[in-house]
Amino acid sequence: MEFIDQLVAMMPMVLFYSAPLIFTAIGGVFSERSGVVNIGLEGLMVIGAFSGIVFNIFFADTLGAATPWLSLVAGAIAAGIFSIMHAVAAVSFRANQVVSGVAINMMAVGLGVFLTREIFGRGQTDSITQPFYTETIPFLSEIPIIGDMFFNGVYITSYIAIGVAVLAWFVLYKTTFGLRLRAVGEHPMAADTNGINVTKMRYIAVILSGLLAGLGGATYALTISLSFAGSTISGQGFMSLAAVIFGKWHPLGALGAAVFFGFAQALSVVGNNFDFLSEVPSVYLVILPYVLTVLALAGFIGRAEAPKANGEPYIKGSR
Amino acid sequence: MTDNRKMNILVPILSVLLGFLVGAIIMIAYGYNPIAGYSALFQGAFGSLYNVGETIRRTIPLVLTGLAVAFAFRAGLFNIGAEGQVFVGWFAAVWVGVTFELPAIIHIPVAILAAALAGAIWAAVPGILKATRGVHEVVVTIMMNYIALHVTNYLIRTVLSDGGSQSARISQSASLSTQGLKEMFGYSQIHWGFVVSIILAVFIWFFLERTTYGFELRAVGFNPNAANYAGMSVKRNIILAMMLSGALAGVGGAMEGIGTFGYMYTHASYTNLGFDGIAVALLGANTAPGVVIAAFLFGALKVGALSMPPLSGVPSELVDIVIAMIIFFVAASYMIRLLILRFSKGEK
């Protein structure tokens with residue numbers, strides 16, 4: 001069963017490509033569930049990647065082995081702060097949320113490369129010296145097949161991403177906070193009447209999406225690219241947005257979609273190893289996530305229903 | 001004092017000024033002289049005939065993508081897919097330019113029409129999904145952008161070349177660029193596409209403001225229910241608006257294909273013409289004359305930016321930040337409107 005062996009060998013790579021998408025998609029779920037469209041996920045990932053790399057380079061000597069972990073935190077916080085811009089525009093100033101997201105994306109690349117030039121004197125940062133390394137989990141990796149698939153040569157960040165997705169499901173569906181957040185996205189006026197502060201909930205949701213997208217961007221930078229330039233993040237944010245929708249705005253759905261998109265990405269890289277795929281041009285695998293998302297939206301793969309008030313600013317007193 | 005017309009002019013102007021102000025603050029914060037920075041920008045955009053020529057050729061596709069986004073906006077649609085429509089238009093125009101041998105008077109229009117058709121077909125997908133299944137066009141167009149990027153890259157490698165990263169040059173009969181015009185503007189990349197842009201801008205203005213079709217489109221954009229009640233077909237108008245918008249963006253791609261470059265190359269990421277088109281449309285208040293002015297401003301900013309590092313040491317990305325801030329301020333115009341209202345109340 002050569003095919004199965006190859007599939008098993010590919011799994012760590014799938015997890016590795018999925019992790020940034022999972023983090024960012026979960027961020028997108030929070031924002032969109034509260035009724036704020038976040039096209040700016042891409043830009044927030046850029047800020048996360050940039051901050052994670054710069055932090056890593058400057059603190060590698062003093063922090064040693066803890067550097068990559070704190071770099072993740074730095075990336076998340078920086079993008080969290082940056083996302084306030086989107087929250088202010090979309091929630092307080094009733095801006096068109098898509099336009100504000102576009103502005104966030106442009107701003108992030110401009111600012112990231114501008115600061116890179118200021119700090120490093122050129123358009124690309126140095127490579128980091130303290131990245132994440134693959135790890136092999138003792139005992140678990142010895143389980144036949146499953147050990148090789150999930151516990152051999154994997155990044156810890158992939159597990160954290162899956163953990164975050166499960167946590168997000170718990171928060172959104174099993175806590176009062178989650179109920180309120182979803183209420184604000186479905187029917188803000190009803191939520192307001194029940195004493196929920198719509199503005200506050202939406203601010204929290206957007207900042208959460210910033211933190212998580214920053215985490216996603218930093219994860220990408222610290223495991224895959226290992227440096228930052230204007231082209232480091234090219235489309236992962238939009239792919240995460242696709243995962244949000246393909247996953248029907250549900251954290252576990254988004255998790256599944258992100259893993260699936262990671263699978264498609266991995267397949268487009270190593271697809272030639274498979275006999276039955278060697279004849280298929282890689283372009284089909286590359287566009288697969290996007291085509292599937294369109295089909296999902298069109299209702300061919302189950303109906304994808306957006307939160308009712310998604311994209312609409314809430315104006316108190318209006319009906 | 002504060003009627004809508006005045007606001008529509010005041011808000012963009014204030015947004016541009018605020019954008020430049022933010023840029024100046026950033027320059028000061030990083031130890032640059034903002035006056036030196038902005039005069040380098042101006043030099044780069046208008047300093048010589050060469051620079052003017054470059055600014056004009058940068059403006060040409062922006063007018064078209066700006067019109068594309070503005071046109072869709074007027075019909076109540078958000079065409080964030082101009083990016084992808086540019087790719088397919090660019091590809092179609094170059095394909096016609098490479099494949100056929102025709103007299104220029106036929107070859108150029110055919111190339112442009114092919115680009116328009118490709119863009120229209122690409123935009124029809126989100127249009128039809130929106131009209132028949134109520135799917136929001138923003139997400140579909142984003143997905144279509146990536147599909148366009150990867151598919152055109154694939155076609156360049158397979159159809160337009162043998163595994164290469166760029167197509168052959170188009171034949172001269174399909175080219176919009178002529179030696180005489182280039183010479184006049186200091187051997188810049190300027191081409192006759194500006195005529196195409198102006199004609200289409202005038203056409204769109206006329207179509208929207210002076211024809212029944214345009215009126216129907218705007219009515220559907222204002223209030224689909226009322227338009228439906230008045231006997232207009234909302235579905236048909238949505239699909240039509242999306243396709244025309246896509247056609248305009250496709251022609252924008254053709255301007256790069258048969259104008260600026262004369263070939264097509266594989267792209268690692270977006271051209272940003274589509275996203276800049278969103279900025280242009282917003283700043284131009286979704287009107288054809290506004291779009292032309294805003295496209296010229298952004299064309300000048302983009303070309304001028306290239307002169308900032310050599311002349312003033314300021315990284316050219318500063319201009320990206322300024323443009324992003326301008327969009328941000330236009331988007332959050334509620335804030336600016338509030339400020340103006342408060343200010344004018346204080347006067348009374």
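Every chain is numbered from 1 and lettered A, B, ... according to where its sequence line falls, protein lines coming before strand lines.
The shortest non-hydrogen separation linking B:Ile321 to A:Gly110 is CG1-C, 3.8 Å. Shown here for B:Ala331 and A:Ser100, the closest heavy-atom pair between the two residues is CB-N, 4.4 Å. Minimum heavy-atom separation, B:Ile147 to A:Ile287: CA-CG2, 4.0 Å.
Between B:Asp320 and A:Val109 the shortest side-chain heavy-atom distance does not fall below 4.5 Å. The shortest side-chain heavy-atom distance between B:Phe73 and A:Asn96 falls under the 4.5 Å cut-off. B:Tyr154 is not listed as a side-chain neighbour of A:Val286, based on a closest heavy-atom distance of 4.5 Å or more. Considering only heavy atoms from C-beta on, B:His150 comes within 4.5 Å of A:Tyr290 through its side chain.
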Quiz prompt | Worked verdict on A:Val294 versus B:Leu129 for side chain to side chain contact (heavy atoms under 4.5 Å, CB included) | solution = CA-CA 9 Å; A:Val294 172; B:Leu129 287 180; 3.8 Å; yes
Exercise. Take A:Val283 and B:Asn153, measure what side chain to side chain contact (heavy atoms under 4.5 Å, CB included) needs, and give me the verdict at the end.
Key: CA-CA 9 Å; A:Val283 64; B:Asn153 277 350; over 6 Å; no
Practice problem: Determine, step by step, whether B:Tyr146 and A:Met239 satisfy the side chain to side chain contact (heavy atoms under 4.5 Å, CB included) criterion, reporting the C-alpha distance in whole Å, the side-chain angles of both residues, the deciding distance to 0.1 Å, and the verdict. | Solution: CA-CA 9 Å; B:Tyr146 279 99; A:Met239 198 182 270; over 6 Å; no
Exercise. Show your working on side chain to side chain contact (heavy atoms under 4.5 Å, CB included) between A:Arg117 and B:Tyr30 and close with a plain yes or no.
Key: CA-CA 11 Å; A:Arg117 283 195 202 284; B:Tyr30 283 91; over 6 Å; no
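Between chain A and the residues B:Ile326, B:Asn272, B:Ile278, B:Leu282, the largest count of heavy-atom pairs under 4.5 Å involves B:Leu282. The choice from A:Val37, A:Ile104, A:Thr293, A:Val88 that makes the most heavy-atom pairs within less than 4.5 Å of chain B is A:Thr293. Interface check for chain A: of the options B:Val139, B:Thr132, B:Val322, the most heavy-atom pairs under 4.5 Å are formed by B:Val139.
Residue A:Val291 touches chain B through both its backbone and its side chain, counting heavy-atom pairs closer than 4.5 Å. With a threshold of 4.5 angstrom between heavy atoms, B:Leu318 approaches chain A through its backbone and through its side chain. Heavy atoms of B:Ile128 lying under 4.5 Å from chain A are absent altogether. Using a 4.5 Å cut-off between heavy atoms, B:Tyr32 touches chain A through its side chain atoms alone. Heavy-atom distances place both the backbone and the side chain of B:Phe328 under 4.5 Å from chain A.
Around the OH atom of B:Tyr265, the shell of radius 6.0 Å holds more than 12 heavy atoms that belong to other residues, nucleotides or ligands.
We find the CE-CD1 distance between A:Met106 and B:Ile327 to be 4.0 Å, quoted to the nearest 0.5 Å. We find the CE-CD1 distance between B:Met143 and A:Ile245 to be 5.5 Å, quoted to the nearest 0.5 Å. We find the CE-CZ distance between B:Met27 and A:Phe114 to be 8.0 Å, quoted to the nearest 0.5 Å.
Under the 30°/60° scheme for interplanar angles, the aromatic rings of B:Phe275 and A:Phe238 are found to lie parallel.
B:Arg133 places a side-chain N or O within donor-acceptor distance of the main-chain N or O of A:Ala298, the cut-off being under 3.5 Å.
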